[in-house]
Amino acid sequence: DQQVKQNSPSLSVQEGRISILNCDYTNSMFDYFLWYKKYPAEGPTFLISISSIKDKNEDGRFTVFLNKSAKHLSLHIVPSQPGDSAVYFCAALNQAGTALIFGKGTTLSVSS
Amino acid sequence: KAGVTQTPRYLIKTRGQQVTLSCSPISGHRSVSWYQQTPGQGLQFLFEYFSETQRNKGNFPGRFSGRQFSNSRSEMNVSTLELGDSALYLCASNPVAATSDTQYFGPGTRLTVL
């Protein structure tokens with residue numbers, strides 16, 4: 001049973017436009033969420049995180065929004081660049097704080 | 001500072017064999033976690049070690065085991081390999097023992113079971 005769900009396996013966006021990647025979770029006890037980016041043949045790299053005490057966190061072109069009542073978070077990339085093409089994983093920190101629970105990932109393709 | 005290293009990078013085994021994968025965390029990191037990545041299931045947590053003790057375990061059968069050495073290096077072992085064990089196995093290290101929320105991943109070991 002997937003506790004973290006990324007329902008869109010892929011997303012295609014033009015360079016300069018906004019990319020919106022979505023993530024839903026089922027466990028209301030999760031209170032910390034992260035986004036990772038993964039290029040082929042490399043391990044995931046941390047992108048941005050958000051605590052449940054916030055509803056928004058920004059870092060340059062990347063913004064994560066959290067809607068606790070809907071158990072939904074989204075990652076916005078503005079403007080999108082071809083180098084952003086990668087697999088994006090949404091993750092929640094488990095209640096013990098010792099493991100990350102990942103979604104299945106969304107492959108983002110940004111065309112120039 | 002060197003990153004997380006994993007060896008070997010690629011491995012081909014046949015059903016029924018066993019395999020050992022190795023992970024060297026970032027210097028000074030004491031926590032090591034292992035994840036399995038498959039196309040159908042995404043990234044799934046296997047187990048986490050801190051100071052040579054397994055602190056947390058995911059929902060995998062007993063064929064999957066691990067250990068951590070006093071220098072924080074970790075190994076994971078899969079016995080009686082099945083075709084479904086073909087995956088990318090990722091290791092991640094954490095800088096601290098407590099609830100560190102960011103993990104630094106290695107490049108992974110690609111295991112193919114024939």
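Keep in mind it's a predicted model, so treat the numbers as computed, not measured. Letters A, B, ... are given to chains in the order of the sequence lines, protein chains preceding strands, and every chain is numbered from 1. The figures here come from the full heavy-atom set of this structure, side chains too, leaving out hydrogens, waters and symmetry mates.
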Between B/L46 and B/Y35, is there a shared hydrophobic cluster once you connect ILVMFWY residues whose side-chain heavy atoms come closer than 4.5 Å? no
Would you please indicate if the ring centroids of A/F102 and B/F45 are separated by under 6.0 Å? no
Using the rule that Ile, Leu, Val, Met, Phe, Trp and Tyr join whenever any side-chain heavy atoms are under 4.5 Å apart, tell me whether B/V19 and B/L83 fall into a single cluster. yes
A/R61 CZ: over 12 foreign heavy atoms closer than 6.0 Å: yes
B/L88 vs A/K38 side-chain heavy atoms within contact, under 4.5 Å: yes
Evaluate the criterion side-chain contact (heavy atoms from CB on, under 4.5 Å) for residue pair B/N56 and A/N94; output intermediate values, then yes/no. CA-CA 10 Å; B/N56 200 17; A/N94 71 351; 3.1 Å; yes
Minimum heavy-atom distance between A/G43 and B/L90, given as atom pair plus value: CA-CD2, 4.0 Å
In one Ile/Leu/Val/Met/Phe/Trp/Tyr side-chain cluster, 4.5 Å: B/L21, B/V78: yes
If you count heavy-atom pairs within less than 4.5 Å of chain B, which of A/P44, A/G105, A/P9 leads? A/P44
Using a 4.5 angstrom heavy-atom cutoff, name the option from B/Q6, B/R110, B/Q37 with the most pairs to chain A. B/Q37
Whether B/Y104 side chain and A/T45 backbone form a donor-acceptor pair below 3.5 Å: no
Please report the C-alpha distance between B/E48 and A/L100 in whole Å, then the side-chain angles of each, then the deciding distance to 0.1 Å, and finally whether the side-chain contact (heavy atoms from CB on, under 4.5 Å) criterion is met. CA-CA 10 Å; B/E48 187 242 357; A/L100 293 174; over 6 Å; no
Using the rule that Ile, Leu, Val, Met, Phe, Trp and Tyr join whenever any side-chain heavy atoms are under 4.5 Å apart, tell me whether A/V4 and A/F65 fall into a single cluster. no
Determine which residues belonging to residues 11-23 of chain A lie within contact range of chain B, meaning some heavy atom pair is under 4.5 Å apart, and list them by number or answer 'none'. none
Hey, quick one: are A/L66 and A/L47 part of the same hydrophobic cluster, counting side-chain heavy atoms closer than 4.5 Å, chains of contacts allowed? yes
Other residues, nucleotides, ligands: >12 heavy atoms within 6.0 Å of B/K57 NZ: yes
Applying ring pair (Phe, Tyr, Trp, His ring centres under 6.0 Å) to B/F105 and A/Y36, what does each step give before you reach the verdict? CA-CA 10 Å; B/F105 283 86; A/Y36 279 80; 5.5 Å; yes
Non-hydrogen atoms of chain A under 4.5 Å away: do they reach the side chain of B/F47, the backbone, both or neither? neither
Under 4.5 Å from a heavy atom of chain B, the part of A/Q6 involved: neither
Around B/N59, counting heavy atoms of other residues, nucleotides and ligands shown, do more than 12 lie under 6.0 Å from its CG? no
